[in-house]
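No experiment lies behind these values; they were computed from the predicted model shown. Only heavy atoms go into these numbers, but all of them, side chains included; no hydrogens, no water, no symmetry mates.
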Amino acid sequence: SPFLSNFVLRVNFQTTVDQVEGYLMKAQSYAMNNKNDETWGVCVTGNNLRLFSDSCASPSYAENYVIPGSVGIGNFSQVTFSSLRGEPNAAQAISITSDIESTSISLTAGGGITF
């Protein structure tokens, strides 16, 4: 039914938004705490959103979230955070879209995350 498919689209969209926000905040927190004395970041690799330490391609630690096919993450490939200060290597305006809605998550040069 259209209602059910819209419901699934909304849930997939909101879950992905929550995952992006959560991974960014977790990576930043780990970096600020200098966890395991490693670089921490978030990237998109294939159809996975990945929280990683060391590097996206060969992480020493990784948490993966499979991005639903109905959701797109745009204007974003990878960000890492500086230890102690938690500043991203680049400001980002990450777009998350589905057929029925879209939003943007901003990551400022100073490390602020707004959604």
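The minimum heavy-atom distance between Q28 and G86, with the atom names listed, is NE2-O, 2.8 Å. Summarising the geometry of R10 relative to E101, their closest heavy-atom pair is CG-OE2, 3.3 Å, with the distance given to 0.1 Å. Taking each heavy atom of Q78 and Q92 in turn, the nearest pair found is O-NE2, 3.3 Å. Of all the heavy atoms in A31 and S82, the pair that sits closest is CB-O, 3.6 Å.
Between the side chain of W40 and the backbone N or O of F81 there is no donor-acceptor pair closer than 3.5 Å. Side-chain atoms of S5 come within 3.5 Å of backbone atoms of P2 as a donor-acceptor pair (strictly under, hydrogens ignored). Judged by distance alone, the side chain of T45 and the main-chain N or O of N48 form no donor-acceptor pair under 3.5 Å.
Counting heavy atoms from C-beta outward, F13 and I96 have side chains that approach closer than 4.5 Å. Within the 4.5 Å cutoff, the side chain of S77 has no heavy atoms near those of the V44 side chain.
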Check residues 68-76 and write down every donor-acceptor pair under 3.5 Å in which the side-chain atom is one partner and the other belongs to a residue at least two apart or another chain.
residue: N75; atom: ND2; partner: A93; partner atom: O; Å: 2.8

List the atom pairs, with distances to 0.1 Å, where a side-chain N or O of residues 103-115 and a protein N or O form a donor-acceptor pair under 3.5 Å, not counting sequence neighbours.
residue: S104; atom: OG; partner: I94; partner atom: O; Å: 3.4
residue: T108; atom: OG1; partner: G111; partner atom: N; Å: 3.4
residue: T108; atom: OG1; partner: G112; partner atom: N; Å: 2.8

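The same ILVMFWY cluster, assembled from side-chain heavy atoms under 4.5 Å apart, contains both M25 and Y30. The hydrophobic cluster containing V17 does not contain L9, counting ILVMFWY residues as joined when their side-chain heavy atoms lie under 4.5 angstrom apart, directly or transitively. Hydrophobic clustering of Ile, Leu, Val, Met, Phe, Trp and Tyr side chains at less than 4.5 Å, counting indirect connections, unites Y61 with L24.
For the atom pair T39 OG1 and N34 CG, the distance stands at 9.0 Å (nearest 0.5 Å). Here the CG-OG distance, from N12 to S98, works out to 8.5 Å after rounding to the nearest 0.5 Å. Interatomic distance, S83 OG to E38 CD, rounded to the nearest 0.5 Å: 12.0 Å.
Of the N and O atoms on the side chains of T16 and Y65, at least one donor lies less than 3.5 Å from an acceptor on the other residue. With hydrogens and angles left out, the side-chain atoms of Y23 and E21 include no donor and acceptor closer than 3.5 Å.
Residue N6 places its CG atom among more than 12 non-hydrogen atoms of other residues, nucleotides or ligands, all under 6.0 Å distant.
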